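On a predicted model such as this, the values are computed, not experimentally measured, just so you know. Residue numbers begin at 1 in each chain, while the letters A, B, ... track the order of the sequences.
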Number of protein chains: 2
Amino acid sequence: MTVIFSKKCEYGLQAVLYLAAQISREVIPAEVIANKLSIPKEFVSKILQSLTENGIVISQKGKSGGFAIAKDPKKIKLIDIVAAIDGLSMFNNCVMGFPNCNPENPCPLHDKWGELRSKAYSMLTDENLDNFREKTLRKISNL
Amino acid sequence: MTVIFSKKCEYGLQAVLYLAAQISREVIPAEVIANKLSIPKEFVSKILQSLTENGIVISQKGKSGGFAIAKDPKKIKLIDIVAAIDGLSMFNNCVMGFPNCNPENPCPLHDKWGELRSKAYSMLTDENLDNFREKTLRKISNL
DNA sequence: TATAAATCAGACCAAAACATCCGGTATATG
DNA sequence: CATATACCGGATGTTTTGGTCTGATTTATA
């Protein structure tokens, strides 16, 4: 079972965080990213490819090509990556899978989960990728 | 993507909540439960079968057989069902999938997620199934 | 005691998630 | 301009999850 994000999304978050933490904006090949994060190269490559369509990363083809963050990390939030990969349905669906879970027709956990869910949302929206730079570098250097 | 629980677990939670909310302790056939909750009969049947092994529900075979809650709903918590079906790994794993995510080597979301996760845990442990009776009945009557 | 209605075990099937492979194309660099 | 190296698109393979089916067994009850 996944915690809350799919593996694809987890890898996407890791990879984008990694790219956003770089000092230089030079592209990095998928293979280097994959090795650094110990995740399958082909897979992370596909994920980053799809993120180019969302304007989160850019890619450069050909020799010494690779991926880089597309814009100022101050302007990207974790929720952007989650939205691009897993979508935002987890912020709308009932935690127990009941249909039509809403304030008029709540499941037994509706209120408590609603509160946690909105805090989870804040966790992904309150800070931008630049705010995570230090922590990302520290984590990555210990992988 | 799942919210946090697998479909199996979601259905298990719904079914057990339903059984625990009954006034009588008489067994209810899987088909009735499935119809009431609009979930596949064969599937919920399998899930309840597996929960008999954990002592959460009991089953009666043969004509007019079915499933019922195994013990006093005051003595069962939602976490028991989650633990029996999905396990508790989501309470130990990194939300972004980083390896060795711990206070010495935290991911960028470690602290925030840790807090949310422990609140999610409380949500599943603070109350027993009897506490959810009213809410369950109200929800189920509107399905 | 025959029958109908249920669980149970295990095989089976389908779909989604996870992951790899290949052939094409772009491009930096020698 | 040749070559090596990278992304890209699409097909393919694998594993896990979600769901169904069948046949055996159990058991209440007519």
Could you check whether [X] pairs with [Y] (Lys NZ or Arg NE/NH1/NH2 to Asp/Glu carboxylate O, under 4.0 Å)?
| X | Y | answer |
| --- | --- | --- |
| Lys119(A) | Glu115(A) | yes |
| Lys139(B) | Glu134(B) | no |
| Lys112(A) | Glu127(B) | yes |

Worksheet item: How many angstroms lie between atom CD1 of Ile4(A) and atom CG of Leu124(A), to the nearest 0.5 angstrom?
Response: 6.5 Å

For [X] and [N], what is the distance between atoms [atom1] and [atom2] respectively, to the nearest whole Å?
| X | N | atom1 | atom2 | answer |
| --- | --- | --- | --- | --- |
| Glu31(B) | dA5(C) | CD | C1' | 10 Å |
| Leu51(B) | dC8(C) | CG | C1' | 15 Å |
| Asn35(B) | dA5(C) | CG | P | 15 Å |
| Leu48(B) | dA9(C) | CG | P | 14 Å |
| Phe67(B) | dA5(C) | CZ | P | 18 Å |

Item to complete: Give the intermediate values and the outcome of side-chain hydrogen bond (donor to acceptor under 3.5 Å, both in side chains) for residues Gln49(B) and Ser45(B).
Response: CA-CA 6 Å; Gln49(B) 275 169 44; Ser45(B) 176; 3.3 Å; yes

Practice prompt. Looking only at non-hydrogen atoms, find the nearest pair between Arg117(B) and Met90(B) and report the distance.
Written response: CD-O, 3.7 Å

Worksheet item: For nucleotides 18-30 of chain C, read 5' to 3', which letter fits each nucleotide if B means a protein heavy atom sits under 4.0 Å from the base, S means only the sugar-phosphate is that close, and - means neither?
Response: SSBB----BBB--

Worksheet item: Does Ser59(B) place a side-chain N or O at less than 4.0 Å from the phosphate oxygens OP1/OP2 of dC8(C)?
Response: yes

